[in-house]
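Below is one structure, written out as structure tokens; the observations come after it.
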Amino acid sequence: MEPRLSRYIWTHTRKDQLWILVIVALSMIPYFLSFDLPKQIVNGPIQGDGFDSPEATQAFLAISFNLPYFGTINVFDGFHLGREGMLLALSLVFLLLVVVNGLFKFYINTFKGRLGERLLRRIRFELVDRVLRFPPSHFKRVKPAEIATMIKDEVEPLGGFTGDAFVSPALLGGQALTALVFILLQSFWLGLIASLIVAVQAVIIPRMRKRLLVLGRERQLTARELSGRVSEIVDGIGAIRGHDTSNYERADIAARLGRIFKIRYDLYQWKFLVKFINNFLAQVTPFLFYAIGGYFALQGRLDIGQLVAVIGAYKDLPGPLKELIDWDQARQDVQVKYAQVVEQFSIDPLLDPKVQAVAAGAIESLSGPLAAVNVTVVDDGGSTVLDHVSLQVQPGEKVALTGGGEVLAEAFGRLVWPASGKVVIGGQDILEIPESVTGRRIAYASSDVYVFQGSLGDNILYGLKHAPLTEVNYEGEGASHRKWEVTEARLAGNPHLDVNSDWVDYGSAGASGPDDLLVQIRPVLDAVLLTNDVMALAVRSTIDANRHAAFAAGIVEMRSALRQRLEKEKLSDLVVFFEPGTYNIEATIGENMLFGTITDQAMWANALENHPFFKTILQRVGLRDTFYAMGIEIAENVVELFRDLPPDHPFFQQLTFMTAEEIPVYEAILQKVRSRGKAEVSEDDQIKIIRLCFDYIEPRHRFGLLTEEVMAKVVATRREFDEGLPADLAGMIEHYRPNRYIASGSIIDNVLFGRIGHKHADGSEKIRAIVRDLFEAGGLYNEVLAFGFDYNVGAGGKRLTAAQRQKLDLARALIRACDFYIFNQPLLALDQRVQEQVVRNVFSMLDRAGRDPAIVWVLANPSLMDLFDRVAQFENGRLIHDTGADAAVDDGRDYKEMAS
């Protein structure tokens with residue numbers, strides 16, 4: 001990278017800088033005129049200079065030139081105005097100059113801002129581009145948070161300075177010089193005084209600010225280190241809590257914050273000392289002007305108009321001068337920041353940009369063998385982890401690596417670079433082959449998985465997104481914005497690839513387009529045992545029934561098929577269905593009463609406490625006193641059973657109507673009830689007690705409170721909630737209808753249209769299996785699976801289990817058709833039995849798909865060796881045995897070096 005910021009800025013913004021400098025030069029003309037005009041107004045119309053009589057006039061806007069040999073040439077005689085007319089005319093010209101100067105500033109500042117943002121965009125992209133080309137070993141030495149902080153925060157000032165790099169000294173220096181020249185033209189001595197003060201400021205202030213630069217550099221480094229340390233705490237929170245080191249981490253952070261505080265406090269002290277001296281010098285000059293200039297005016301050596309003009313000109317001198325000094329400090333500051341960033345990102349060796357060039361076309365299959373030729377790999381500590389290993393994998397060959405072949409697998413996958421020797425494909429060094437070839441024809445998966453934040457589907461298809469394959473047809477405002485964005489991207493040195501294009505390489509997955517992509521993905525998900533996980537996520541999701549009307553109708557039709565299937569298998573009691581005229585014993589009292597679900601919980605809680613409709617209904621059907629008595633029983637049972645348990649006890653997860661924090665509240669209410677009776681219990685406390693009933697399920701909680709009479713009353717109130725619900729509460733409840741999709745319910749809730757009975761311990765597993773079969777029979781399986789792809793996996797995929805993340809990574813590698821698959825113990829989070837099943841599934845799936853790729857699998861399970869053509873055994877970084885080699889290799893001997 002270019003080591004000097006000013007040269008970097010000039011290289012990438014030369015044309016724009018020259019243009020804005022021309023504008024700055026033009027802006028000096030009206031700026032100078034605005035200094036001279038107050039003198040003309042004071043001396044002319046106000047003091048009467050040139051107006052000898054009341055009827056006297058002067059020419060306004062007269063244009064004439066004095067030329068040698070030709071004399072005076074009058075172009076325009078102007079308008080002859082009296083004293084008052086001239087005052088108004090000159091004042092209007094002054095106002096016009098103010099507007100013109102303001103417009104110049106507006107254009108210059110806007111242009112500077114755009115220029116700065118464009119260069120900031122360029123440098124940020126360049127830094128990220130370099131991160132993508134870092135050697136693998138460098139990622140082990142840097143903290144991601146520190147790199148992110150540098151790209152996001154530390155280069156931010158560079159954008160603001162870019163527009164000022166050449167324009168500000170020209171503009172501010174021009175304004176200060178214009179004001180200084182004007183003062184000298186009015187009075188040599190006052191101009192000399194101003195020049196001396198300016199010289200003192202220009203010499204002293206920058207020298208004092210060098211200390212500020214040192215402190216600023218220290219602040220930046222300590223803040224970056226703090227960011228990295230906080231990132232470590234977030235990533236290592238499990239280890240911190242497991243080893244009881246949270247207070248040690250607090251002490252460390254407090255020490256770092258103390259260091260930052262000390263630096264910033266010193267910075268503030270020095271900063272305001274510099275400001276004090278700078279402001280003092282700036283205020284001394286007006287004092288001298290008033291004293292000396294006033295003396296000259298009294299002596300008649302300076303007229304009042306000149307004195308007013310000089311003071312007005314000097315009023316505009318400290319501003320540009322101060323900003324010029326600030327610019328110099330900013331220049332030094334951003335140069336330090338830029339130098340630090342350059343130092344951090346100047347890593348050698350970087351990948352050649354040609355290796356990562358975009359390639360949208362089809363990539364030819366690799367016909368040659370994948371081979372390690374005398375490869376040695378050294379870790380960051382200098383230890384040899386792979387010692388002069390030579391191994392060749394022919395196309396279509398299945399090779400198992402045991403006893404420590406992980407490093408060789410990483411070398412095959414380009415995750416480590418050899419210290420000596422090389423990995424070749426068909427005789428060509430793998431590090432010189434474009435990623436468009438290796439990234440599409442070689443797949444790599446390991447147990448060290450990273451899942452990107454986003455949807456499950458985006459992560460599964462991530463390995464197919466190599467290049468934009470379609471053009472997006474933008475219309476109207478979108479088309480103009482895209483055209484503008486392409487231009488700005490080109491000017492900022494960014495690629496103008498359209499992220500909104502379709503990037504998925506369907507052909508690599510064996511599909512013709514998005515319509516049949518899921519058909520090709522399904523066998524891969526089945527092979528890695530991820531299908532059930534995706535289905536579980538899918539059936540718990542909610543959908544937009546209006547957008548997916550056909551699917552919702554299919555789900556509603558499936559309800560009758562589910563009943564028939566349960567009757568056929570004599571499992572009718574597995575699900576208790578919702579019936580309009582009966583009580584569902586497996587659902588809550590509230591759900592039975594409303595015969596629907598609550599769409600707005602906050603609105604429901606508020607209405608239950610404050611809306612008269614609920615109080616009236618419960619009182620009319622005779623349930624208020626019943627619910628109050630039931631609520632007292634529920635509260636007494638819960639308080640007695642759970643009061644001595646810690647708040648994080650797992651039993652509280654089974655408690656639907658009361659949290660651990662509410663137990664003391666209800667304990668206090670029960671004390672009041674026992675001592676005073678219901679009559680003295682407040683309305684709010686009564687509502688709290690009654691609310692407990694709405695989440696009560698008899699088969700689940702088993703307090704013996706639900707009688708036939710109570711159930712009949714609850715069912716009787718349904719019509720009240722169905723037909724008599726006030727308009728202001730209408731959107732709060734979605735009523736159950738046998739022939740309608742429940743928009744607020746999940747897919748599985750809509751299929752069941754009921755609740756799973758508590759009599760069956762494995763009821764959930766049986767239902768999921770039956771529902772999956774119904775999806776298959778109804779042709780909805782793939783559509784439901786697609787909804788699972790919309791599941792947000794969270795930051796780093798942390799909403800998935802470790803096993804799910806590893807299965808996802810393996811699926812991501814298997815989806816695209818490759819010539820070589822490198823599997824580096826990809827399933828360590830699974831038990832041995834499941835690992836064996838997945839490995840056999842993968843081989844079987846590849847056979848059924850008609851693929852015959854080479855597979856290199858680092859195995860931890862020796863029972864799987866029968867699947868492979870060869871087994872290569874490692875020990876302490878050396879290849880000690882290869883069943884497919886001409887001869888076994890002992891500790892002191894390597895294979896004969898392979899010829900490419």
Apply side chain to side chain contact (heavy atoms under 4.5 Å, CB included) to V341 and V155, showing your working. CA-CA 8 Å; V341 171; V155 301; 4.0 Å; yes
Using side chain to side chain donor-acceptor pair (under 3.5 Å), reason through Y8 and R122 one step at a time and then give a plain yes or no. CA-CA 11 Å; Y8 181 87; R122 174 186 290 274; 5.1 Å; no
What's the verdict on side chain to side chain contact (heavy atoms under 4.5 Å, CB included) for F111 and D16, showing C-alpha distance, side-chain angles and the deciding distance? CA-CA 9 Å; F111 194 91; D16 291 324; 3.8 Å; yes
Before you tell me yes or no, could you show the steps for Y338 and E343 under side chain to side chain donor-acceptor pair (under 3.5 Å), namely the whole-Å CA-CA distance, both residues' side-chain angles and the distance that decides it to 0.1 Å? CA-CA 8 Å; Y338 179 77; E343 180 184 352; over 6 Å; no
Show, in sequence, the C-alpha distance, side-chain angles and deciding distance for L469 and D502, and conclude whether the side chain to side chain contact (heavy atoms under 4.5 Å, CB included) test is met. CA-CA 6 Å; L469 302 177; D502 190 350; 5.5 Å; no
Passes side chain to side chain contact (heavy atoms under 4.5 Å, CB included), E2 versus T11? Steps please. CA-CA 10 Å; E2 174 58 53; T11 300; 5.5 Å; no
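Ring geometry for F134 against H138 counts as perpendicular: the plane angle is over 60°, on a 0 to 90° scale with 30° as the lower cut. Ring geometry, F166 versus W10: the interplanar angle exceeds 60°, so the pair is classed perpendicular (tilted spans 30 to 60°). Using cut-offs of 30° and 60° on the angle between ring planes, the pair H548 and F787 is perpendicular. In this pair, Y107 and W19 present their aromatic rings perpendicular. The plane angle is above 60°, beyond the 30 to 60° band.
A donor-acceptor pair under 3.5 Å is absent between the side-chain atoms of S744 and the main chain of T599, judged by distance alone. For Q356 (side chain) and L132 (main-chain N/O), a donor-acceptor pair under 3.5 Å exists by modelled atom type. One N or O on the side chain of R816 and one on the backbone of G439 form a donor-acceptor pair closer than 3.5 Å. Judged by distance alone, the side chain of Q804 and the main-chain N or O of T801 form a donor-acceptor pair under 3.5 Å. No donor-acceptor pair under 3.5 Å is formed between the side chain of T542 and the backbone N or O of S746. A donor-acceptor contact shorter than 3.5 Å links the side chain of S541 to the backbone of A538. Side chain of N494 to backbone of R490: no donor-acceptor contact under 3.5 angstrom is found. A donor-acceptor pair under 3.5 Å links the side-chain atoms of N109 to the main chain of K105, judged by distance alone. Within the 3.5 Å criterion, the main-chain N or O of N792 finds a donor-acceptor partner in the side chain of R799. Judged purely by atom type and a 3.5 angstrom limit, D129 has no side-chain atom pairing as donor or acceptor with the backbone of F125.
Ion pairing between a basic and an acidic side chain is recognised when a charged N comes within 4.0 Å of a carboxylate O; R121 and E485 show such pairing. Between K354 and E432, none of the side-chain N atoms (NZ, or NE/NH1/NH2) sits under 4.0 Å from a carboxylate O, so this pair counts as no salt bridge. Between D352 and R133 there is no salt bridge, since none of the side-chain N atoms of the basic residue sits less than 4.0 Å from a carboxylate O of the acidic one. Under a 4.0 Å N-O distance rule, the pair E435/R414 qualifies as a salt bridge.
Nearest heavy atoms, W417 versus P135: CZ3-CB, 3.6 Å. A811 approaches V528 most closely through the heavy-atom pair CB-CG2, 3.9 Å. Closest approach of Q520 and P523 over heavy atoms only: O-CD, 3.3 Å. In this structure, R805 and L800 approach most closely via the heavy-atom pair NH1-O, 2.7 Å. For the pair I108 and S27, the tightest heavy-atom approach, listed with the atom from each and the gap, is CD1-OG, 4.3 Å. Looking at every heavy atom in both residues, Y444 comes nearest to G413 through CD1-CA, 4.0 Å.
Looking at heavy atoms from C-beta onward, R124 lies out of side-chain contact with V128 at the 4.5 angstrom threshold. The shortest side-chain heavy-atom distance between V534 and Y791 does not fall under the 4.5 Å cut-off. Here the side chains of V423 and D429 are not in contact, with every heavy-atom distance at 4.5 Å or above. For the pair I9 and L158, the minimum side-chain heavy-atom distance is 4.5 Å or more. At least one side-chain heavy atom of I425 sits less than 4.5 Å from a side-chain heavy atom of I442. No side-chain heavy atom of F104 sits less than 4.5 Å from a side-chain heavy atom of V24. Side-chain contact between L810 and L530: absent, with no pair of heavy atoms (C-beta onward) separated by less than 4.5 Å. Side-chain contact between I521 and L517: present, with at least one pair of heavy atoms (C-beta onward) separated by less than 4.5 Å.
Annotation: cation-pi pair R522/Y781 present, NZ/CZ under 6.0 Å from the ring centroid and within 45° of its normal.
Residue pairs that meet the ring-ring contact (aromatic ring centres under 6.0 Å, His included) test with at least one member in residues 458-479, sequence neighbours left out, are F452-Y462. Screening residues 439-452 for salt bridge (Lys or Arg N to Asp or Glu O under 4.0 Å) gives R441-D819 as the qualifying pairs, with residues at least two apart or on separate chains. Residue pairs that meet the salt bridge (Lys or Arg N to Asp or Glu O under 4.0 Å) test with at least one member in residues 460-471, sequence neighbours left out, are D458-K465.
In this structure, CG in L491 is found 10.5 Å from NE2 in H496, a value given to the nearest 0.5 Å. The OG atom of S501 sits 6.0 Å away from atom CG of D498, with the distance rounded to the nearest 0.5 Å. Here the CD-CD distance, from E488 to E117, works out to 10.5 Å after rounding to the nearest 0.5 Å. Note that CZ of R812 and CG of N459 are 5.5 Å apart. Values are rounded to the nearest 0.5 Å. Distance check: C818 SG to R851 CZ gives 7.5 Å after rounding to the nearest 0.5 Å. Note that the CZ atom of R7 and the CG atom of L5 stand 11.5 Å from one another [nearest 0.5 Å].
Residue-environment remark: CG (N473) stays at or below the threshold of 12 foreign heavy atoms within 6.0 Å.
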